Amino acid sequence: MDDEPLSDWAKRRDAKIGRLRAVPLVSGDGPKASHLNPDAPRAIQRWNGYTWEPHGTAANLMETQRLLHPRDEETPTMAAPQPRPLRAGRGRHRKPRPGE
């Protein structure tokens, strides 16, 4: 069995500190999946390295996603490729003409 060094394990564990998760606040044994209860409130929890601690609340799924996955304010730096005009031919499967 390959044992990893303790320092590698500690780096992996420390990388997870500060991670957020959402827990639905649904009572009973009903469904807890986010797509089944999009309007249910959620508790936001933060991993402190040992346990999940309360971090805040969100009113619904949309607000939860905004808190857990903030969008970058930057615009994309790569421009869209320029469309190339179609050449004259006989359709999608045209046969090449002499000289093409």
Side-chain angles (χ1 to χ4, degrees):
M1 182 170 156
D2 296 329
D3 290 334
E4 68 178 323
L6 185 59
S7 60
D8 291 347
W9 174 80
K11 286 179 189 175
R12 280 191 303 112
R13 187 197 65 187
D14 291 345
K16 296 177 184 178
I17 293 176
R19 183 176 290 174
L20 298 176
R21 77 173 181 180
V23 179
L25 300 174
V26 179
S27 61
D29 293 333
K32 297 181 193 272
S34 62
H35 67 284
L36 297 176
N37 290 318
D39 295 328
R42 285 152 174 80
I44 308 297
Q45 296 177 337
R46 183 178 162 270
W47 181 251
N48 68 6
Y50 301 103
T51 186
W52 291 99
E53 60 185 17
H55 183 69
T57 58
N60 54 29
L61 179 61
M62 185 179 293
E63 185 179 337
T64 302
Q65 289 177 341
R66 195 179 77 241
L67 290 171
L68 296 181
H69 309 288
R71 292 185 178 213
D72 296 331
E73 298 296 327
E74 301 175 15
T75 58
T77 57
M78 183 189 305
Q82 295 294 325
R84 295 184 297 181
L86 297 175
R87 290 190 276 170
R90 290 186 236 151
R92 181 174 170 193
H93 302 287
R94 71 180 183 89
K95 296 177 183 174
R97 295 184 180 137
E100 284 188 333

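Everything numeric here is computed off the predicted structure, so don't read it as measured data.
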Give me each pair satisfying side chain to side chain donor-acceptor pair (under 3.5 Å) with a member in residues 10-20, each pair once, sequence neighbours excluded. Glu4-Arg12
The criterion is ring pair (Phe, Tyr, Trp, His ring centres under 6.0 Å); which residues satisfy it with Trp47, sequence neighbours excluded? Trp52
Once side-chain contact (heavy atoms from CB on, under 4.5 Å) is applied, do any residues pair with Leu25, and if so which ones, sequence neighbours excluded? Pro41, Ala43
Output all residues satisfying side-chain contact (heavy atoms from CB on, under 4.5 Å) with Pro5, sequence neighbours left out; order by chain, then residue number. Ser7, Asp8
The criterion is side chain to side chain donor-acceptor pair (under 3.5 Å); which residues satisfy it with Arg66, sequence neighbours excluded? none
Other members of the hydrophobic cluster containing Ile44, with the 4.5 Å side-chain heavy-atom rule, please. Leu20, Leu67, Leu68
ILVMFWY clustering at 4.5 Å (side-chain atoms), partners of Trp9: Leu6
Pairs meeting criterion salt bridge (charged side-chain N to carboxylate O under 4.0 Å, His left out) with involvement of residues 33-44, two or more places apart: none
Applying salt bridge (Lys or Arg N to Asp or Glu O under 4.0 Å), can you list everything that pairs with Arg46, at least two apart in sequence or on another chain? Glu53
Taking all non-hydrogen atoms of both residues, which atom of Thr64 and which atom of Ala22 are closest, and how far apart? CG2-CB, 3.3 Å
